[in-house]
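One structure is given here, and the rest of the page talks about it.
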Amino acid sequence: MKKVRKAVFPVAGLGTRFLPATKSIPKEMLTVVDRPVIQYVVDEAREAGIEHFIFVTGRNKAVIEDHFDVQFELYDTLAQRGKDDQLSHLQRLQPQPGQTSFTRQQVPLGLGHAVWCARDLVGDEPFALLLPDMIMQTDQSCLKEMVKLYEHTGQNIVAVQECDPAETHKYGIVGRGQDVHSGFEITGMVEKPKQGTAPSNLYINGRYILQPEIFKILEGQEKGAGNEIQLTDAMLKLEKQQSFYGYHYQGRTFDCGSPEGFIEANVAFSLWHPDMHDKVAAMLGRMLDELKPIERRRAPR
């Protein structure tokens with residue numbers, strides 16, 4: 001069984017839901033409390049033992065590469081000013097030389113295409129895939145627990161969590177089979193099932209461990225929903241050849257690809273911060289008491 005050493009981060013999205021903020025700043029670099037969204041996802045991967053971080057980027061994403069590079073002027077300034085705690089904190093977050101790779105997705109053809117763009121960097125070994133919009137709040141890395149399940153099964157792993165049964169038509173849903181180690185057998189996967197037809201209320205939440213055979217399937221460049229190359233379609237084909245197992249994640253997940261999820265993540269992580277909890281909780285209480293929704297008149301057309 002090959003170790004899961006590499007992780008792929010598809011960061012080529014345009015972030016149109018956050019315009020005009022993302023006109024010049026990648027959505028992955030928007031900050032949740034004290035760090036960019038992408039840093040949370042990379043930290044999760046590092047905690048899981050990932051050794052090689054592969055970013056699938058696009059135009060105007062160079063700042064992501066700069067973020068994970070050494071900034072000599074900043075480090076030197078912190079050292080000269082005696083800010084050793086801040087300096088050591090930044091250095092701990094810094095990937096080692098050769099641990100990061102960047103490749104371009106020149107055209108936006110979907111998640112499946114973004115994953116396929118990383119094929120040569122991943123090579124013939126299993127890899128983790130982390131969607132950078134989804135950040136997790138839990139005591140232990142979601143991916144770390146998935147790696148443990150992978151080490152027991154040696155197969156494909158996807159993280160799932162529960163959603164409102166009335167909302168299953170919005171997600172990729174899995175069928176639950178018998179329990180295996182810390183997870184369960186997946187009996188089927190359905191992308192956005194019609195209401196009332198979902199096999200469960202367990203949705204795929206943006207964390208995967210996939211076998212390299214997925215690249216051969218994606219190589220066909222078959223387009224699905226939205227005229228894009230869909231990862232789920234490739235996984236459904238791979239499921240006919242290999243087993244899939246689900247890890248039932250129990251923590252919180254925040255979709256930072258939406259403004260509401262981004263705000264929710266900022267509130268949740270600030271309340272989780274030991275130095276901020278009391279002040280933020282008090283502030284939220286005052287705001288709930290004082291602020292009321294603004295009634296806006298519809299502008300005449």
Side-chain angles (χ1 to χ4, degrees), residues 5-15 18-104 121 128 130-139 141 143-144 254 256-257 259 261-283:
R5 301 186 310 111
K6 299 179 180 180
V8 173
F9 306 87
V11 294
L14 297 175
F18 283 92
L19 287 170
T22 50
K23 185 178 179 181
S24 59
I25 301 173
K27 64 176 181 177
E28 297 83 10
M29 291 301 295
L30 297 176
T31 55
V32 172
V33 185
D34 60 351
R35 66 191 67 187
V37 169
I38 187 63
Q39 185 70 62
Y40 286 91
V41 186
V42 169
D43 289 347
E44 179 186 340
R46 182 185 288 111
E47 186 180 342
I50 295 300
E51 302 168 2
H52 189 176
F53 307 91
I54 300 168
F55 299 86
V56 181
T57 70
R59 290 175 57 83
N60 301 319
K61 299 281 186 170
V63 68
I64 297 176
E65 188 168 352
D66 292 340
H67 175 72
F68 291 103
D69 199 359
V70 174
Q71 297 185 14
F72 293 103
E73 297 86 354
L74 174 61
Y75 289 7
D76 183 61
T77 299
L78 291 175
Q80 290 186 30
R81 294 180 180 178
K83 297 186 177 182
D84 297 332
D85 289 344
Q86 287 181 303
L87 178 58
S88 62
H89 178 63
L90 289 176
Q91 290 174 333
R92 285 195 301 271
L93 297 177
Q94 181 73 49
Q96 296 299 310
Q99 280 193 321
T100 56
S101 296
F102 297 83
T103 187
R104 284 287 187 99
L121 291 169
L130 298 91
L131 303 192
D133 286 348
M134 313 299 285
I135 64 174
M136 313 297 202
Q137 188 183 58
T138 183
D139 291 329
S141 159
L143 186 62
K144 183 177 182 179
F254 303 99
C256 291
F262 177 73
I263 296 298
E264 185 182 8
N266 269 280
V267 172
F269 277 92
S270 62
L271 289 173
W272 222 31
H273 199 292
D275 296 331
M276 299 177 66
H277 177 274
D278 293 344
K279 291 182 179 179
V280 173
M283 176 191 67

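- Under a 3.5 Å cut-off, the side chain of K61 and the backbone N or O of G13 do form a donor-acceptor pair.
- Put simply, the side chain of E264 never gets that close to the backbone of F254: no donor and acceptor are under 3.5 Å apart.
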Take Q39 and E28 through the side chain to side chain contact (heavy atoms under 4.5 Å, CB included) test and state the conclusion after the steps. CA-CA 9 Å; Q39 185 70 62; E28 297 83 10; over 6 Å; no

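- Looking at S24 and N60, their side chains never come closer than 4.5 Å, going by heavy atoms from C-beta outward.
- To the nearest 0.5 Å, atom CG of residue L14 and atom CZ of residue R59 are 10.5 Å apart.
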Might you work through the side chain to side chain contact (heavy atoms under 4.5 Å, CB included) test for V280 and H273, ending with a clear yes or no? CA-CA 10 Å; V280 173; H273 199 292; over 6 Å; no

Would M276 and V33 count as a side chain to side chain contact (heavy atoms under 4.5 Å, CB included) if you check the C-alpha gap in whole Å, the side-chain angles of each, and the deciding distance to 0.1 Å? CA-CA 10 Å; M276 299 177 66; V33 185; 3.7 Å; yes

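- In this structure a side-chain-to-backbone donor-acceptor pair under 3.5 Å is present from Q99 to E51.
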Under the ring-ring contact (aromatic ring centres under 6.0 Å, His included) rule, what do F68 and F53 come out as? Steps first, then yes or no, please. CA-CA 10 Å; F68 291 103; F53 307 91; 7.7 Å; no

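- In this structure, I135 CD1 and L130 CG are separated by 12.5 Å, a value rounded to the nearest 0.5 Å.
- Rounded to the nearest 0.5 Å, atoms OG1 (T22) and CG (L19) are 4.0 Å apart.
- Contact check for E65 versus T57: no side-chain heavy atoms found under the 4.5 Å cut-off.
- A donor-acceptor pair under 3.5 Å is formed between the side chain of K6 and the backbone N or O of L121.
- Aromatic ring pairs are classed by plane angle as parallel below 30°, tilted from 30° to 60° and perpendicular above 60°; the pair F102 and F55 is parallel.
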Under the criterion side chain to side chain contact (heavy atoms under 4.5 Å, CB included), I'd like the reasoning laid out for V63 against I25: C-alpha separation, chi angles, the key distance, then a yes or no. CA-CA 8 Å; V63 68; I25 301 173; 5.7 Å; no

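- For the atom pair NE2 of H67 and CE of M29, the computed distance is 5.0 Å after rounding to the nearest 0.5 Å.
- Side-chain atoms of D133 never come within 3.5 Å of backbone atoms of C256 as a donor-acceptor pair (strictly under, hydrogens ignored).
- Between the S141 side chain and the E47 main chain, no donor and acceptor come within less than 3.5 Å of each other.
- By the 4.5 Å heavy-atom criterion applied to side chains, D69 and T100 are not counted as neighbours.
- Between K27 and P132, the closest side-chain pair of non-hydrogen atoms is not below 4.5 Å.
- Put simply, the side chain of Q137 gets close to the backbone of A268: a donor and an acceptor are under 3.5 Å apart.
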